[in-house]
Amino acid sequence: MRIYTGKGVYGAIAIGKISIFSRQQIAITKLHIEDIDAEKARVQAAKEKSIAQLQEIYEKALKDVGEANAQIFEIHMMMLEDDDYNDSISDMIESKHVNAEYAVSVTAENFSEMFASMDDSYMQARAADVKDISNRIIRNLSMDAESENAMSDKMIVCADDLSPSETILLDKDKVYAFVTAYGSSNSHTAILARNMNIPAVIGVGEAFLNKIKNGITAIVDGYTGEIFVDPDNETLERLEKKQAEDIQKKKLLLDLKGKENITLDGTKINIYANIGGVDDVKSVLENDAGGIGLFRSEFLYLENSSYPTEEEQFNAYKKVLESMGNKKVIIRTLDIGADKQVDYFELDKEQNPALGYRAIRICLTRPEIFKTQLRALYRASAYGKLGIMFPMITSVSELIQIKEICDIVKTELSSDGIAYSEDVELGIMIETPAAAIISDRLAPMVDFFSVGTNDLTQYTLACDRQNSKIESFCDTHHEAILRLIEMSAQNAHKNGAWIGICGELAADTTLTETFLRMGIDELSVSPGFVLKVRDKVRSIDLSKKD
Ligand code: PEP
Ligand code: MG
């Protein structure tokens, strides 16, 4: 047994198998093969596996984004059955005695060149698809038994660090924990782990990755930040017991379902939940959140390989709104840039991406993207209680421009005869010191504020939220941050707006009383924290002097 230590960012315990996250492309080597039949059988098995995977993806897409958008996976399955494509692979193995990986990769090149040279734009688009399906076959061919075992279930994903676009593509049903060599508590990997209610340990150091192997059993203790690799029986028993007690403790909180978020002296607050996608709604409802206070819509962009269409977005937003019934859903518009990079946006590399071209700055300079999202949002508003929130605001003029674009979108929808709700609330994130300082000017223009403490902390304290080295300088309880929140709350209320907090600090129960005393109207937290915060609220007595 070996023990490693990092910083736990979500308290839970997981026991599973190490799966090392790899970014490496599979290198294709040309090999001479004697047993042609065995090689062809390998291709057949990999193809069948690919079809089964695509069928699963198709069904998920059908549920999440509708038939029109799921169709592409049906096309991929059909392409995998195409005779010309399959004959080309078999012929090459037979006539040239080459390995399956090589035959698939040459066939992919030939077919994709052929499609790309066609006049018909539909056929040209198939060039990327044939590469995509071939890569899938190659991946399935190259998966050895050990990696397969590590990927099969209960994965403890170990990586140097994980970007949001990498985490979004992981099969979340199989991920039991994250362990990263670098990373910080406010990174999106940490946020995702909290959203998924699984332990994550960050900052274990680079050496860790060189010392572990796929498929080995490990235990992650998100409370202590310890990872036990190849645990001995005594440790396994001790941690299994701790895990059972932890689950039991969390179950006790379930008694709070259906109860009010009310202090002992009768002050009420809304407790909402943060989500990153349609699938998270289940957990929101299970944890009895009063609404959704932050839907990070950029995850729809991160999980796609090209711009999600208006229809795709509309389906996702509508689904969330319908599932939430008459509970409020606040969807934040695209917050791409900084640590959330999406290839097809083709953003330039920047020296200081957190201070650069991100979020509303992209939306206001690329209005076609912004308008597509707003059209989808307003269309979806007819199906529930929607609030739209804008990230990274620093000035009044940005807000004026945003509201003008919203008006244009609504006018266009009306003239197209498309229904939308007239009661959509508009709000902004208070996540820059500038927004908090001019909150008296911004408040009259909106229905609500939502404080993004993750970014507000990074910008106020000049502490890069991705940099684990400076975490000790990054005091989230710093007086400057609390004063900015209080100032924003006062300005919101003076102008008839409500104010919530949707950054990670909202779940910090050592501050719940402070936030209540400031008059914060809503706290939006990872679904797994809703009942814990409710428990805290119900224990507070504001009539007692603080
Ligand atoms: C925040 O900055 O606090 C926030 C909620 O947004 P994100 O973490 O997605 O930047
Ligand atoms: Mg933010």
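Each ligand, and each atom within it, is numbered from 1 in the order the structure gives. Predicted model only: the values in this text are computed from it and were never measured.
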Side-chain heavy-atom pair [X], [Y] within 4.5 angstrom cut-off:
X      : Y      : value
Arg538 : Ile262 : yes
Asp407 : Val409 : no
Glu206 : Asp160 : no

side-chain hydrogen bond (donor to acceptor under 3.5 Å, both in side chains), paired with Ser297, selected from Arg332, Gln313, Gln373:
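Checked Arg332, Gln313, Gln373 against Ser297; only one passes side-chain hydrogen bond (donor to acceptor under 3.5 Å, both in side chains): Gln373.
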Within 45 degrees of the ring normal and closer than 6.0 Å to the centroid, is that where the cationic atom of Arg379 sits relative to Phe314?
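Output yes; distance and angle both within limits.
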For the Mg ion (ligand 2), count the protein N, O or S atoms found under 2.8 Å away.
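Number of qualifying protein atoms: 2.
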Could you list the residues that satisfy ring pair (Phe, Tyr, Trp, His ring centres under 6.0 Å) with Tyr272, not counting sequence neighbours?
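Partners of Tyr272 by the ring pair (Phe, Tyr, Trp, His ring centres under 6.0 Å) criterion come out as none, since no residue qualifies.
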Suppose we screen for ring pair (Phe, Tyr, Trp, His ring centres under 6.0 Å). Which residues come up paired with Tyr4, at least two apart in sequence or across chains?
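Listed in chain order: Phe208.
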Starting from the N and O atoms of ligand 1, collect every protein N/O partner closer than 3.5 Å and put each pair on its own line with the distance to 0.1 Å.
| unit_1 | atom_1 | unit_2 | atom_2 | d |
| --- | --- | --- | --- | --- |
| ligand 1 | 2 (O) | Glu431 | OE1 | 3.0 |
| ligand 1 | 2 (O) | Asp455 | N | 3.0 |
| ligand 1 | 2 (O) | Asp455 | OD2 | 3.0 |
| ligand 1 | 3 (O) | Gly452 | O | 3.3 |
| ligand 1 | 3 (O) | Thr453 | N | 3.1 |
| ligand 1 | 3 (O) | Asn454 | N | 2.8 |
| ligand 1 | 3 (O) | Asn454 | ND2 | 3.2 |
| ligand 1 | 6 (O) | Arg332 | NH1 | 2.9 |
| ligand 1 | 8 (O) | Arg296 | NH2 | 2.9 |
| ligand 1 | 8 (O) | Asn454 | ND2 | 2.9 |
| ligand 1 | 8 (O) | Arg465 | NH2 | 2.8 |
| ligand 1 | 9 (O) | His188 | NE2 | 3.3 |
| ligand 1 | 9 (O) | Arg296 | NE | 2.7 |
| ligand 1 | 9 (O) | Arg296 | NH2 | 3.4 |
| ligand 1 | 9 (O) | Arg332 | NH1 | 3.3 |
| ligand 1 | 9 (O) | Arg332 | NH2 | 2.8 |
| ligand 1 | 9 (O) | Lys340 | NZ | 3.3 |
| ligand 1 | 10 (O) | Asp455 | OD2 | 2.9 |
| ligand 1 | 10 (O) | Arg465 | NH1 | 2.9 |

Residue among Glu310, Glu311, Glu368 satisfying salt bridge (charged side-chain N to carboxylate O under 4.0 Å, His left out) with Arg375
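Running salt bridge (charged side-chain N to carboxylate O under 4.0 Å, His left out) over Glu310, Glu311, Glu368 with Arg375 returns exactly one hit, Glu310.
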Step-by-step ring pair (Phe, Tyr, Trp, His ring centres under 6.0 Å) determination, Phe529 to Tyr10
CA-CA 10 Å; Phe529 284 123; Tyr10 182 69; 5.4 Å; yes
